[in-house]
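Okay, structure first, notes after.
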Amino acid sequence: MGLALACHPGPALAVTALGCALALGSGLGGPRSALVTAAVLTGQLSVGWCNDAYDARRDADAGRRGKPAADGTVEARAVWAAAAIALALCVPLSLACGALAGAVHLAAVAAAWLYNLRLKATALSWLPYVAGFGALPAAVALSLPGGPWPRWWTVSAGALLGFAAHLADTLPDIAADRAAGIRGLPHRLGARGTRLLLPVPLLGATAVLAFGPPGPPDAGGAAALFLAGAVALAGPALGRRWRKAALAGAVAVAAVDLALLLARGVAGS
């Protein structure tokens, strides 16, 4: 149980579900979609376990709860071993999706490991999120027969959602992270600055998906943009009363954007 909790199951399952939905929505078919999903899952497991193992001592010093490697529920070396095994499985699974698709996905996983080991506490903390979320629709598109290039708006929207995910995920823990010596971009902006910035990439992602495809935006895109605007602005506004409001708003907008992604497809014709 401790090892399962140490993998950051919420984010791991959310990103895996996103990859699975994109694969199925792109017409990859059951077996190929299962392969993409397995590659994404093993990559996310490796990232989550790496994060928990690397931060074990710092989390223990800060007295953080719900961190198995920090509270002794599972040994840090066991979590490191699990991360290494998951990463070893991720490599062949990713490359089985296609050489270029696999390389793109493995680059995203490498960026996430770099976040854990180095960039998390720097002003470039946002970069692995942008790279990882932008790479996901690209890897799915490149997994299709013939390896078609991804549409630029799907990659751009994914990157913007990744930036928003970093802000929203970090926002509730800014004070505790600062006390632990972490100085990523959201920590430098502060809670208020992060709340004010968060709607920008959320609205940007939806706008790219609504207006990026050729031709005038359809009713669905306009409705999605209106809904995303309302949710994106409401989340940060309610942040002082409900610390998870901004994150909940980001998840809601991401769901809207996923629907637009599935409707428009991830690969060029």
Side-chain angles (χ1 to χ4, degrees), residues 2-23 35-59 64 66-70 73-97 101-122 124-140 158-159 161-170 173 177 180 182 184-186 247 250-251 254:
L3 198 58
L5 292 176
C7 75
H8 296 221
L13 291 176
V15 175
T16 302
L18 174 60
C20 180
L22 288 174
L35 180 61
V36 169
T37 302
V40 174
L41 177 59
T42 52
Q44 289 302 304
L45 288 175
S46 78
V47 171
W49 278 322
C50 167
N51 182 282
D52 221 53
Y54 185 75
D55 287 344
R57 181 172 296 178
R58 180 164 52 195
D59 289 338
R64 288 190 171 181
K67 298 285 187 177
T73 303
V74 61
E75 292 186 3
R77 62 183 179 181
V79 182
W80 275 122
I85 292 171
L87 184 61
L89 291 172
C90 180
V91 174
L93 287 170
S94 297
L95 294 176
C97 298
V104 169
H105 180 246
L106 290 174
V109 173
W113 273 68
L114 183 60
Y115 170 84
N116 290 338
L117 303 178
R118 181 69 182 96
L119 296 182
K120 181 178 181 179
T122 74
L124 294 177
S125 60
W126 54 273
L127 186 57
Y129 277 79
V130 169
F133 277 72
L136 190 56
V140 170
L161 283 175
F163 187 68
H166 177 46
L167 297 177
D169 187 44
T170 308
D173 300 316
D177 287 343
I182 298 175
L185 178 63
L247 179 58
V251 171

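Keep in mind that this is a model prediction, so the values were computed, not measured.
For the pair C50 and N116, the tightest heavy-atom approach, listed with the atom from each and the gap, is SG-ND2, 3.5 Å. For H166 against W126, the heavy-atom pair with the smallest separation is CD2-CA, 3.5 Å. When every heavy atom of A4 is checked against every heavy atom of P9, the shortest pair comes out as O-CD, 3.8 Å. Here the shortest heavy-atom pairing between F133 and L161 reads CD2-C, 4.3 Å. Across V40 and T16, no two heavy atoms sit closer than the pair CG1-CA, 3.7 Å. Among all heavy-atom pairs drawn from D173 and D169, the shortest one is OD2-O, 4.3 Å.
Partners of R77 under the side-chain hydrogen bond (donor to acceptor under 3.5 Å, both in side chains) rule, at least two apart in sequence or in another chain, are E75. In this view, L35 and R32, L93, A96, C97 satisfy the side-chain contact (heavy atoms from CB on, under 4.5 Å) rule, not counting sequence neighbours.
The CG atom of D177 sits 6.0 Å away from atom NZ of K120, with the distance rounded to the nearest 0.5 Å. Residue L185 holds its CG atom at 11.0 Å from CG of L127, rounded to the nearest 0.5 Å. Going from atom OH of Y129 over to atom OG1 of T170 covers 5.5 Å, rounded to the nearest 0.5 Å.
With T42 contributing its side chain and A39 its backbone, the two residues share a donor-acceptor pair below 3.5 Å. T122 places a side-chain N or O within 3.5 Å of a backbone atom of L119 that can act as its donor or acceptor partner.
Taking the side chain as every heavy atom from C-beta outward, W49 and N51 never approach each other to under 4.5 Å.
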Pairs under 3.5 angstrom only: tabulate donor-acceptor contacts from the side chains of residues 102-113 to other protein residues two or more places apart or in another chain.
from : atom 1 : to  : atom 2 : distance (Å)
H105 : ND1    : S94 : OG     : 2.8
W113 : NE1    : S46 : OG     : 3.1

Steps toward side-chain contact (heavy atoms from CB on, under 4.5 Å) verdict (L18, L136): CA-CA 9 Å; L18 174 60; L136 190 56; 3.7 Å; yes

